[in-house]
Every structure is written in structure tokens, then in C-alpha cells.
Undergrad: 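Can you read through this structure? Questions will come right after.
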2 protein chains.
Amino acid sequence: MGEKTLSKELIARLPRYFRYLDDYMNVGIKKVSSGELSHKMNVTASQIRHDLGHFTISGQQGYGYNVRELYDEIKRVLGLDKEKKVMIVGAGNRGKALISHRMFRNRGFKLEGVFDIAEMPDINGYHVFPINELPEFIKEHNTDLAILCVPSQEGSIVAKQVVDAGIKAILNFCYVDLDVPEDVIVENVHLRDNLMVLAYKYDNMPKE
Amino acid sequence: MGEKTLSKELIARLPRYFRYLDDYMNVGIKKVSSGELSHKMNVTASQIRHDLGHFTISGQQGYGYNVRELYDEIKRVLGLDKEKKVMIVGAGNRGKALISHRMFRNRGFKLEGVFDIAEMPDINGYHVFPINELPEFIKEHNTDLAILCVPSQEGSIVAKQVVDAGIKAILNFCYVDLDVPEDVIVENVHLRDNLMVLAYKYDNMPKE
DNA sequence: TAGATTGTTAATCGATTAACAATC
DNA sequence: TAGATTGTTAATCGATTAACAATC
């Protein structure tokens, strides 16, 4: 709530703004103008001002924006001020690799549980729970997001289990389009698609 | 070459078309109309016909499209008919997980080499080469694509090494925007961004 | 103050959708 | 043939960019 609905294009740009502002803060820069940021990020200054116009910060004519204010505002808009409880479902190669991801180290996302059908030893200090304990776990922990890393052929069935257990948001690594109720949000990560797009661009590079 | 340049939106849709057509083939369906496909993929039939109009296949009025022809055409457009030689640079958690990815099993992408700074045992039958052997390897194997999975703080430096060694296309898993020459193509996979977008949508779900 | 930069409105651009004549 | 569906053009929609008055 708050700002009117943002376009999907703008939403997709937010994490990038956030990252650059984080960089500015880390090097101790206190203010930034749309022109500077535009140069750095390789987008138009006009777009930046337009985007920022959706939020409740304001810059100062002749000066620019306060980096910290902007950072905090975008953090708020992205909902990163409220920590999200995350579970990983599927502890194969991919799931294992995600467990140690930096985003789970105090970056707004807290990894609370790891699940798999197979029994296996703890990973990185995380116990791996059997999938049938999902519903109880979700109820008890109020999990916000599920990361789905099971083999693709099991994606649909496990997604259903997760949704039935009450999850409303899924980051989907399976190479299928999940069929979920309207009130469940899915973000897909399809590495093969990314590679195909790269292959296309590679084959169709403007020839020198 | 061939078709005029396609919009980035259309390029991004191609892998999805390809996947659905693959599904049709696998269940033995021989023809499909824009209307059916539209229903299945949840896009407008108009968009499908518009998109397909860029290619050198044609449907048949009153009938639809031949699935195999369409599949082959999109495969060709994506450049999947010419196998791409791929290397993975960085054999940490993420790199290791990628080595066994299905896309390297006869899907148009051939994993030819794995590199890391650290010495380590073979992974999944792949020898891990030291990064300083990159230039020689690329020259010898004519590698097309590099997948960059080193720790983010090393992304820029390793990207430079890879580019200097002659690579023109990078799938970048590092959480930085790579600064590469114009003639080098980069596709970013920023999982944290995906998670942030998911978090945003989750917090801003239309309330029931 | 003069210069810089915002915030916002209008112009442009391009993608998506609608419509329908052509035709299998 | 009649019905279905394409291919394509025109209409619509929305995002990006340009422009500039307001103002710090």
C-alpha cells in the first residue's frame, strides 16, 4: 500500500537502483543527482526522475537526492525493511548451492528451513526436513517465501503441496510454468532460457 | 542474419514458445492454432500470430501451424541448431551445481571446460583447469559462451580475463554489472533481484 | 544571485491488441 | 461449400524520452 501500482518494468529496475545506492553508501557518497546516477547506471536521467516520482522522497533542485534517504525509500518500497522468512524446497545440487547464498546473510531474507524427500545429513548447519512436515512447519514459522529447487518433473506436484500448505509466493527454479491459484505469486528462474537468449544474441551480434 | 532484428520482448518469449512446442511434440500433437497455443501459454492469439510473422514459416488458414515446422524454425532462430561450446568459470557451489544441469545433456549446449583458481578434484567427470589456462583453452576449443560463477567481488577481474581471452558472450551470475566492450554480450542472472521482486509483489498483493 | 537540478507535463516511440479480408 | 484460422494493417495502450518552468 502507499504508492499506486508500479509498472512491472519499474519493479524490475528497483533492485538495480537499490544496488547502486548501496554502492554509493559504501563509499561514503552522500548525494547523487539523476544525471550522475544516469551516467553510472546507463539509463536516462529522465527515466530516473520519472521513476523516483512514484515514491515519497524528493530531491532538491540544484542539488540532487540524498543517498541515504533514497536508499531507505527504495528499501521500504521493496519491502526489505520487513524481513522475509524463506524456505528452500529441494536440497539437490541447486538447493544446496542456494543455502550458502549471501542473500541469506542479513539482507532481508532469512532462511528458516530446508526440505527434501530424501533423508540427508545437515547442510551448512541446516537440518533437512522431510517434505511431509511442510504444512506444520509453515504454520509454525509463518514462512513467507518458498524457493522451489526440486527436479523439474516434480515441480508441479511439489508446488501444489507448498501452496496447499499456505505459501503465497514461490521462486521457481523448475523448468515448467507452475499452475497456481491467482493469489499465489511465482517468479521464474529459467537458466536455460537465459542461456538460449544469450545464444541468440551471440549468433545475431551486429557484425563488425 | 535472415529475419530483421527482433524486439527484446520477442526474444525473451522465444524460449517459452520453444518449450511449449517441445511439449506438443512429446505428446505427439501435430498441429496447433494460435488460439490453442494462446490458451495454453496464456498470451493473446494476436501476439502469437504477430510474433510468428517475423519468421519464415507460415501457418495455413483454417488449420493452424505444423508443430514440427514451428519447432524447427524457432530452434533455428534461437541458434540451437548450431551447438554452442560452453565453459564454466568458477567451480564453487554454484558452478558445481551447474555442471550437472540438464541443458548440457544434448540440448544444444556442450560443456567443454570448467575453470577455477583453486586446485580441486574432478567434478562429475570434468577436470577443473586453473584459470591461467583459459586463453589457451579458448583458442584451442573455440569456446562460444562463458558462464561466470566466481564470487561476485571477483566478477569484474575474471570477466576481463575471459574477455581478453576472446570470449564474446557471458552468462553472468556475479552480483555486479560487468563492464565489457560493446561487442561482448552479457546476460545477467541476479537471483537476489528475483527474490526482491518476489518480495515486492508478495507485500503488494491485491488484498482479497 | 547564477547555476544546477528537480518534478511534471507533453511528445515520442514502440509494443500489444483488435479487427478483418484473404484463403485453406 | 462453410467454417476456421491465418497474415496483416490499423487502433490502442503504455512506457520512455524530451522539454522546461519551478526553485533550491
Side-chain angles (χ1 to χ4, degrees), chain A residues 2-17 20-21 24 29-74 77 197 200-201 204, chain B residues 2-17 20-21 24 29-74 77 197 200-201 204:
Chain A
E3 47 280 323
K4 357 263 150 284
T5 50
L6 308 177
S7 73
K8 62 180 189 312
E9 288 83 359
L10 171 49
I11 295 168
R13 281 192 291 272
L14 289 176
R16 193 150 177 269
Y17 283 129
Y20 276 85
L21 289 166
Y24 274 114
I29 292 174
K30 298 269 190 296
K31 70 123 189 168
V32 66
S33 69
S34 59
E36 280 162 47
L37 196 53
S38 137
H39 183 72
K40 197 104 167 175
M41 295 183 63
N42 204 27
V43 296
T44 65
S46 194
Q47 178 162 74
I48 292 176
R49 291 200 299 278
H50 218 270
D51 283 353
L52 265 34
H54 291 88
F55 310 131
T56 60
I57 30 87
S58 48
Q60 198 171 317
Q61 282 103 325
Y63 177 84
Y65 301 88
N66 178 293
V67 170
R68 157 129 259 146
E69 272 180 32
L70 208 49
Y71 174 88
D72 285 341
E73 171 66 359
I74 291 184
V77 172
V197 168
Y200 171 85
K201 291 180 180 170
N204 294 275
Chain B
E3 48 281 323
K4 359 263 146 285
T5 49
L6 309 177
S7 73
K8 63 180 188 314
E9 287 83 0
L10 171 48
I11 295 168
R13 281 193 291 273
L14 289 176
R16 195 150 176 267
Y17 282 130
Y20 277 85
L21 288 165
Y24 275 114
I29 292 174
K30 298 269 193 294
K31 71 124 189 166
V32 66
S33 69
S34 59
E36 280 162 47
L37 196 54
S38 137
H39 183 73
K40 197 99 168 181
M41 296 184 62
N42 205 26
V43 296
T44 65
S46 196
Q47 178 163 75
I48 292 176
R49 292 200 298 278
H50 218 271
D51 284 352
L52 267 31
H54 292 87
F55 310 131
T56 59
I57 29 86
S58 49
Q60 197 171 317
Q61 282 102 325
Y63 176 84
Y65 301 88
N66 177 294
V67 170
R68 158 129 258 146
E69 272 179 31
L70 208 49
Y71 174 88
D72 285 341
E73 171 66 0
I74 291 184
V77 172
V197 168
Y200 171 84
K201 292 180 180 170
N204 295 276

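Numbers restart at 1 for each chain; the letters A, B, ... are given by sequence-line order, proteins then strands.
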Undergrad: Can you tell me which stems DNA chain C forms when a stem means 3 or more consecutive Watson-Crick or G-U pairs under 3.5 Å?
TA: C:3-24 with D:3-24
Undergrad: Whole Å only: how far is the CD1 atom of B:I48 from the P atom of D:dT6?
TA: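 After rounding, the gap between these two atoms is 9 Å.
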Undergrad: Excluding sequence neighbours, so at least two apart, what forms side chain to side chain contact (heavy atoms under 4.5 Å, CB included) with B:T44?
TA: B:S46, B:Q47
Undergrad: Starting at CG of B:N66 and ending at C1' of D:dT6, how long is that distance when rounded to a whole Å?
TA: 15 Å
Undergrad: Could you tell me whether the phosphate oxygens of D:dA4, OP1 or OP2, come under 4.0 Å of any side-chain nitrogen or oxygen in B:Y65?
TA: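 For D:dA4, OP1/OP2 do not have a side-chain N/O of B:Y65 under 4.0 Å.
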Undergrad: Without decimals, in angstroms, what is the distance between B:E36 CD and D:dT6 C1'?
TA: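 About 14 Å, once rounded to whole Å.
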Undergrad: Can you give one letter per nucleotide of nucleotides 13-24 of chain C, 5' to 3': B if a protein heavy atom sits under 4.0 Å from the base, S if only from the sugar-phosphate, - if neither?
TA: --SBBBBB-BBB
Undergrad: Base, sugar-phosphate or nothing for A:G59? Non-hydrogen atoms, less than 4.0 Å.
TA: sugar-phosphate
Undergrad: Does any part of the side chain of A:Y17, heavy atoms only, come nearer than 4.5 Å to the side chain of A:I48, both counted from C-beta?
TA: yes
Undergrad: Contact between B:K40 and B:V32 at the side-chain level, heavy atoms closer than 4.5 Å - yes or no?
TA: no
Undergrad: Please list all pairs meeting salt bridge (Lys or Arg N to Asp or Glu O under 4.0 Å) that have one or both residues in residues 6-15 of chain B, counting only residues at least two apart or in different chains.
TA: B:R13-B:D51
Undergrad: Applying ring pair (Phe, Tyr, Trp, His ring centres under 6.0 Å), name anything that partners B:Y71, two or more places apart in sequence or on another chain.
TA: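 Ring pair (Phe, Tyr, Trp, His ring centres under 6.0 Å) list for B:Y71, sorted by chain: B:F18.
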Undergrad: How would you list, by chain and number, every residue that makes a side chain to side chain donor-acceptor pair (under 3.5 Å) with A:S34, sequence neighbours excluded?
TA: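 By the side chain to side chain donor-acceptor pair (under 3.5 Å) rule, A:S34 matches A:R49.
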Undergrad: According to side chain to side chain contact (heavy atoms under 4.5 Å, CB included), who are the partners of B:I11, at least two apart in sequence or on a separate chain?
TA: A:V197, A:Y200, B:L6
Undergrad: Rounded to whole angstrom units, what separation is found between the NE2 atom of B:H54 and the C1' atom of D:dT9?
TA: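 Those two atoms, NE2 and C1', are 14 Å apart.
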Undergrad: How many Å lie between CG on B:L70 and P on D:dT5, as a whole number?
TA: 15 Å
Undergrad: Quick one: closest heavy-atom pair of B:H50 and B:H54, and the distance?
TA: O-ND1, 3.3 Å
Undergrad: So, is B:S34 close to the D:dT5 phosphate, meaning a side-chain N or O under 4.0 Å from OP1 or OP2?
TA: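 Negative; the distance criterion is not met.
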Undergrad: Separation of A:I57 atom CD1 from C:dT6 atom P, in whole Å?
TA: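 Going from A:I57 (CD1) to C:dT6 (P), I get 11 Å.
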Undergrad: Can I get a per-line list of side-chain donor-acceptor pairs under 3.5 Å for residues 57-69 of chain B, giving both atom names and the distance, sequence neighbours left out?
TA:
from  : atom 1 : to    : atom 2 : distance (Å)
B:N66 : OD1    : B:R68 : N      : 3.0
B:N66 : OD1    : B:E69 : N      : 2.9

